[in-house]
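As structure tokens, the structure follows; a few thoughts come after it.
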Amino acid sequence: MKQCRFCGGTDLKPWTGRYQRCNDCLYICSVPAPTPEEIDQHYSRYHENNHQKSEAKNLARAVSYRQEIRWLEGRLGDPLLAPVFDYGASGGYFLDALVSDGNVPASAAYGDDLSPGAVEQLVEKGYRKTVASCEPGSMQLVTLRGVLEHLLDFRGIVADLTDLVAEGGAFFITATPDASSTVANLYRDRWVQHHYPSHFQHFTSALVDQLLAERGFVLIDHVDLYRESVYRSDADDHHWLRAVQGSLPDVHHAYWGSMMTRLYRRGPRP
């Protein structure tokens with residue numbers, strides 16, 4: 001019997017294509033989920049063939065990094081406290097921005113990734129550190145940028161990462177698709193964030209809050225960064241209205257609520 005990978009429920013209904021949504025918690029996932037072997041194969045050259053393939057996307061991503069760092073500084077202070085650990089760090093590009101724009105010392109910026117090409121870049125830059133080699137409670141800031149939707153063992157990895165957060169430190173999730181957004185539920189397979197096997201699962205922001213609460217963390221702030229996003233286009237409203245009025249656009253586009261940016265701290269002890 002099919003079971004929800006988030007809550008264990010069995011009331012799953014088709015969402016689009018191979019994806020099903022749990023009627024109990026609203027988690028969305030491909031059925032079946034990719035195997036660990038498929039994930040390893042997919043990410044064997046992901047850094048070269050996907051993440052770094054488009055220079056235009058790299059430049060746009062760099063603008064988003066700065067936008068996210070400015071927002072973080074407004075909540076955590078400037079300079080950001082260190083050490084910092086970025087999981088799913090690719091070649092260390094968000095870490096580069098945290099160093100140059102967030103004033104995090106390069107010697108206190110760490111990260112790891114699954115893709116061998118990304119790991120090479122992290123080693124070259126001096127950022128590479130595995131989760132297992134980090135001391136519990138040693139990081140002032142742990143970040144997941146566009147990563148949660150890629151993780152087979154999302155609970156296990158979030159557990160390991162939250163263990164790294166120091167008392168008074170923060171856990172930051174950003175650039176993560178939000179399955180509770182209106183565009184996700186109207187566009188579905190045409191949603192810009194919907195692509196298998198990279199995004200084989202979709203979380204709502206409420207599920208992410210629950211996932212962190214299971215680890216004793218509470219939400220302290222969140223924001224929709226679409227307003228000033230580099231991905232925003234004057235045509236977005238036109239595409240959205242056409243979709244609502246019955247003519248789904250062929251173009252994939254950003255829109256309000258599509259991505260989540262959420263900041264957490266450890267809550268009071270029970």
Side-chain angles (χ1 to χ4, degrees), residues 4-9 22 24-29 65 67-89 94-95 98 102 104 108-113 129-181 199 201-225 257 259-270:
C4 173
R5 297 179 67 250
F6 192 93
C7 75
C22 174
D24 293 324
C25 73
L26 303 183
Y27 168 79
I28 297 167
C29 187
Y65 294 158
Q67 184 183 19
E68 291 158 1
I69 290 168
R70 287 195 303 270
W71 185 80
L72 268 180
E73 288 173 337
R75 277 92 199 138
L76 300 179
D78 180 11
L80 295 171
L81 293 180
V84 173
F85 188 90
D86 185 29
Y87 186 81
F94 188 45
L95 288 170
L98 285 166
V104 171
Y110 305 106
D112 201 9
D113 197 86
K129 193 178 182 74
T130 64
V131 175
S133 68
C134 297
E135 290 293 324
S138 60
M139 300 294 163
Q140 289 293 332
L141 177 64
V142 173
T143 65
L144 276 177
R145 189 185 190 281
V147 174
L148 189 62
E149 64 276 17
H150 297 252
L151 302 177
L152 272 176
D153 184 17
F154 56 85
R155 269 199 173 86
I157 291 173
V158 167
D160 291 342
L161 293 173
T162 50
D163 282 346
L164 301 184
V165 179
E167 288 296 329
F171 193 97
F172 182 53
I173 290 181
T174 189
T176 299
D178 190 343
S180 57
S181 64
H199 296 185
Q201 61 190 343
H202 301 308
F203 298 86
T204 66
S205 51
L207 288 179
V208 175
D209 289 351
Q210 181 179 332
L211 189 61
L212 270 294
E214 290 172 4
R215 301 298 305 162
F217 282 71
V218 295
L219 183 71
I220 58 173
D221 207 351
H222 64 96
V223 68
D224 184 351
L225 294 174
M259 306 295 279
M260 65 177 87
T261 295
R262 307 179 79 78
L263 185 64
Y264 301 85
R265 275 202 169 121
R266 191 171 277 110
R269 304 290 182 183

For [X], check side chain to side chain donor-acceptor pair (under 3.5 Å) against everything at least two apart and list the hits.
X: Thr162; answer: Arg215
X: Arg155; answer: Glu214
X: Tyr110; answer: none
X: Ser138; answer: none

NZ/NE/NH1/NH2 to OD/OE distance under 4.0 Å, Asp209 and Arg262: yes
Do [X] and [Y] make a side-chain contact, defined as non-hydrogen atoms from C-beta onward lying under 4.5 Å apart?
X: Phe85; Y: Cys134; answer: yes
X: Val165; Y: Met139; answer: no
X: Ile220; Y: Tyr264; answer: no
X: Leu164; Y: Val131; answer: yes
X: His222; Y: Ser205; answer: no
X: Tyr27; Y: Thr204; answer: no

Ring centre gap for Phe203 and Phe154 strictly below 6.0 Å: yes
Pairs meeting criterion salt bridge (charged side-chain N to carboxylate O under 4.0 Å, His left out) with involvement of residues 135-146, two or more places apart: Glu68-Arg145
Where at least one partner belongs to residues 216-225, residue pairs that pass salt bridge (charged side-chain N to carboxylate O under 4.0 Å, His left out), sequence neighbours excluded: Arg75-Asp221
Flag, side chain of Gln67 to backbone of Leu225, donor-acceptor distance under 3.5 Å: yes
Thr130 side chain to Asp112 side chain, donor-acceptor N/O pair below 3.5 angstrom: no
Derivation and outcome, side chain to side chain donor-acceptor pair (under 3.5 Å), residues Thr261 and Thr174: CA-CA 4 Å; Thr261 295; Thr174 189; 2.8 Å; yes
Closest contact, heavy atoms only, Arg266 versus Ala166: NH1-O, 3.7 Å
